[in-house]
Amino acid sequence: MRSDGSSSSRNNSAGGESVVVDWGRHKSSCGYCKSSVHNSISHGLWAHRVTVYDYQDLLDRGWRRSGSFLYKPEMERTCCPAYTIRLRAADFVHSKEQLRVSRRLQRFLDGTLDIKKPVELMKDPNTSKDSCNRADNEVLNLSTEESMSNNGERKSEAEQILHYLSDQIDNVVQTCVKSGVFPLDIQLPKASVKKVLPAKRKLFVEESEDLQYTSNIAFQIAATIRRGQSCDNDQLRLSRHSAEQNELSPKAIAEKLASSLTQLAETSGLLIKACNGHINFYSSKKQSSSDGSVQVKTVLEEAAAGCPSKKCCLKRSSEQPPPKKRRLEIRLKRSSFDPEEFALYQKYQTKVHDDKPDRVTESSYRRFLVDTPLVFVPPTGDGTVPPCGFGSFHQQYLIDGRLVAVGVIDILPKCLSSKYLFWDPDFAFLSLGKYSALQEIGWVRENQIHCPSLKYYYLGYYIHSCSKMRYKAAYHPSELLCPLRYQWISFDIARPLLDKKPYVVLSDFANLRNGELSPPDVSNNVKEVQYDDIHQDSNDPFMCEDEEMIDHEYESLSDESDTESTGLRSVEIEDGDISNILIGLKSSRLRYKDLQQDFGSSELETQLHRYMRLVGVELSERMVYLL
């Protein structure tokens with residue numbers, strides 16, 4: 001087992017010793033694949049007390065906790081092999097989706113992200129947890145870039161502006177028809193305004209304006225009039241319009257229309273000019289944004305929404321009160337029962353996971369998310385412990401004083417370990433699961449200044465064969481823990497291997513990059529698991545309820561030899577002298593060698609060998625193993 005060499009020395013001054021009871025090897029129904037044929041098989045320890053240093057080492061050997069129960073999947077035999085996944089926070093690279101989540105929540109806090117009244121959503125098994133199964137979900141308004149409805153009926157902000165400008169040109173065309181400038185008996189085409197891509201924009205010589213939109217309607221009108229006149233043999237009609245025909249070239253039409261759009265130019269702030277038959281809309285270069293939207297967005301949006309008067313729009317815009325800002329508060333508190341948190345957990349479990357209310361009890365909540373065996377370590381001020389200390393915490397997210405999410409986390413010597421997150425379904429549109437993960441990664445980065453050893457963000461288990469768990473790999477670059485040698489392997493190396501096999505000894509492929517080594521014989525290192533029903537339909541790409549609530553009513557399995565039951569290469573299995581295992585007997589702490597003569601038995605020694613292989617030699621000699 002790898003160790004930084006500091007765990008043992010700190011152990012005595014950080015809450016004493018860890019005390020555990022062997023729970024043996026057990027099987028239960030799998031909470032991921034829901035298979036009726038295959039079982040989840042794991043090893044368990046019931047922890048009376050565990051130091052944060054010992055628990056850090058247990059994490060690095062593939063263990064996790066559910067309350068005070070520690071468990072480790074038996075990777076070679078379980079139906080859904082679960083690999084510990086982590087991320088070095090300093091190396092984290094945001095994806096576009098993650099950046100959108102942060103911007104969306106910030107706009108909500110600024111008051112610029114409008115929401116409509118709650119609506120009833122249809123339940124869809126292929127909809128993400130951030131948006132489905134919430135009868136009272138709140139929906140974003142059209143004014144945001146994320147607020148497109150699934151049926152495509154709503155127009156985005158940019159589309160509203162384009163439609164509005166097109167309508168204004170059509171109004172001017174109809175005025176020209178009524179005044180006799182254009183023929184009355186010819187059906188003229190509708191105008192279409194298009195956005196000009198940044199790469200194609202042409203600036204004036206003085207570079208004070210920026211071309212935003214353009215329309216070629218003048219060419220279409222000229223061509224339509226010519227066709228209509230060529231098909232009509234009425235000489236009187238031709239005579240009547242002969243003078244106008246010479247004037248109705250695309251260039252002349254564009255100039256006429258542009259000169260008639262002066263009112264639009266005044267109210268919108270756009271400069272409208274005719275250029276070689278095109279009608280161009282310019283904005284001040286200083287006021288145009290990088291994405292091409294113009295400074296008159298408010299006026300155009302309100303007019304497109306149906307305001308009868310553009311002057312009225314300007315008045316309403318100026319009289320509108322500033323948007324109401326909201327306040328986000330993030331509180332970190334030590335793990336303890338909080339009635340407000342429990343009420344939110346009940347709401348989350350019943351509305352998001354469809355749990356029956358009578359199953360979401362206070363006792364189950366306490367056992368799952370409040371109880372912890374971790375011994376709290378207070379801050380020391382010497383750079384070895386962060387200001388909040390080490391231990392188990394609840395991170396609360398409050399908006400204007402209302403509790404909207406709670407992250408259950410462990411803060412350890414090398415990492416922040418994310419255990420679970422539950423949130424208010426009324427705020428599902430904010431993707432709080434994704435946002436909380438980004439906050440936790442940011443917390444690690446900030447606190448590494450106070451505690452240099454605090455470098456990683458642990459996301460729990462990664463199950464490649466279960467689609468709903470693959471979101472964790474989106475936090476890039478991540479690493480997976482090799483289930484045999486406990487080395488960390490880049491996910492980019494592991495992914496193609498896991499695409500082929502559920503269980504892989506990842507460290508065999510650690511150097512398989514850029515053709516450095518030939519791959520080892522996969523048949524010897526990868527255990528084939530024969531099942532087809534492991535995948536679940538889910539689009540939950542991100543977050544963040546990591547762990548299943550462990551059901552302690554396991555079916556016990558016999559303690560047959562691990563090498564016989566798993567088929568692992570015996571030379572690879574870590575083993576050692578069990579005589580130095582620390583045994584707890586009543587109030588005494590003794591090495592097994594001191595008890596061997598009186599209490600030794602083949603059954604107990606088989607159990608101790610298995611325990612040593614699971615926790616490692618160092619931990620077996622440091623933690624107290626209660627008989």
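In what follows, residues are counted from 1 in the order of the sequence shown. Values reported hereafter were calculated over all heavy atoms of this structure, with side chains retained and with hydrogens, waters and symmetry mates removed. Note that the coordinates shown come from a computational prediction; the quantities given were computed from them, not determined experimentally.
In this structure, Tyr348 and His353 have perpendicular ring planes: the angle between them is above 60°, well past the 30° mark.
Here the CZ atom belonging to Arg610 is positioned 6.0 Å from the CZ atom belonging to Arg25, to the nearest 0.5 angstrom. Here the OG1 atom belonging to Thr372 is positioned 8.0 Å from the OH atom belonging to Tyr55, to the nearest 0.5 angstrom. One distance of note links CZ of Phe422 with CG of Leu344; it measures 5.5 Å at 0.5 Å rounding.
Inter-residue side-chain proximity for Ile583 and Leu627 is flagged as met; some heavy-atom pair is nearer than 4.5 Å. A heavy-atom distance below 4.5 Å is found between the side chains of Leu412 and Leu59. The closest side-chain heavy-atom distance from Tyr397 to Leu430 is not below 4.5 Å. Counting heavy atoms from C-beta on, the side chains of Gln607 and His609 never come closer than 4.5 Å. Looking at Lys414 and Asp60, their side chains come closer than 4.5 Å, going by heavy atoms from C-beta outward.
The backbone N or O of Tyr461 lies less than 3.5 Å from a partner atom in the side chain of Lys472, making a donor-acceptor pair. A side-chain donor-acceptor contact under 3.5 Å links Arg61 to the backbone of Arg613. At least one donor-acceptor pair under 3.5 Å links the side chain of Gln98 to the backbone N or O of Ala474. At least one donor-acceptor pair closer than 3.5 Å links the side chain of Thr51 to the backbone N or O of Asp54. Judged by distance alone, the side chain of Thr350 and the main-chain N or O of Asp355 form no donor-acceptor pair under 3.5 Å.
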Fill in: From CA spacing to verdict: side-chain hydrogen bond (donor to acceptor under 3.5 Å, both in side chains), Tyr435, Gln439
CA-CA 6 Å; Tyr435 183 79; Gln439 287 297 309; 3.1 Å; yes
Item to complete: Check the pair Trp488, Tyr458 against ring-ring contact (aromatic ring centres under 6.0 Å, His included), reporting the backbone distance first and the verdict last.
Response: CA-CA 12 Å; Trp488 292 99; Tyr458 281 51; 5.7 Å; yes
Item to complete: Assess whether side-chain hydrogen bond (donor to acceptor under 3.5 Å, both in side chains) is satisfied between Ser68 and Asp371, documenting all intermediate values.
Response: CA-CA 6 Å; Ser68 295; Asp371 293 349; 5.4 Å; no
Discussion item. Before you tell me yes or no, could you show the steps for His43 and Asp22 under side-chain hydrogen bond (donor to acceptor under 3.5 Å, both in side chains), namely the whole-Å CA-CA distance, both residues' side-chain angles and the distance that decides it to 0.1 Å?
Written reply: CA-CA 9 Å; His43 301 273; Asp22 197 342; over 6 Å; no
Discussion item. Could you go through Ser392 and Ser335, starting from their C-alpha distance and side-chain angles, then the distance that decides it, and tell me whether this counts as side-chain hydrogen bond (donor to acceptor under 3.5 Å, both in side chains)?
Written reply: CA-CA 6 Å; Ser392 299; Ser335 181; 5.7 Å; no
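For Glu621, there are no salt bridge (charged side-chain N to carboxylate O under 4.0 Å, His left out) partners, not counting sequence neighbours. Applying the ring pair (Phe, Tyr, Trp, His ring centres under 6.0 Å) rule to His94 yields the partners Phe92; only residues at least two apart in sequence or on another chain are considered.
For the pair Lys347 and Asp424, the salt-bridge criterion is met [side-chain N within less than 4.0 Å of a carboxylate O]. Between Glu97 and Lys434 there is a salt bridge, since a side-chain N of the basic residue sits under 4.0 Å from a carboxylate O of the acidic one. A salt bridge links Arg65 to Asp410: one of the charged nitrogens lies within less than 4.0 Å of a carboxylate oxygen. With respect to Arg402 and Asp426, a salt bridge is recorded, a charged nitrogen being found less than 4.0 Å from a carboxylate O. Ion pairing between Arg622 and Glu17 fails under the 4.0 Å rule for side-chain N and carboxylate O. Using a cutoff of 4.0 Å between basic side-chain nitrogens and carboxylate oxygens, Arg88 and Glu479 are not scored as salt-bridged.
A cation-pi arrangement is absent between Arg64 and Tyr71, since the terminal nitrogen or guanidinium carbon is not both under 6.0 Å from the aromatic centre and inside a 45° cone about the axis. Judged by a 6.0 Å distance limit and a 45° cone about the ring axis, Arg366 is positioned over the six-membered ring of Phe337.
Taking the six-membered ring for Trp and the full ring otherwise, Phe376 and Phe390 have centroids separated by 6.0 Å or more. Taking the six-membered ring where the residue is Trp, the centroids of Phe368 and Tyr420 are separated by under 6.0 Å. For Tyr486 and Trp63, the ring centers sit 6.0 Å or farther from each other. Taking the ring centroids of Tyr83 and Tyr462, they lie at or beyond the 6.0 Å cut-off.
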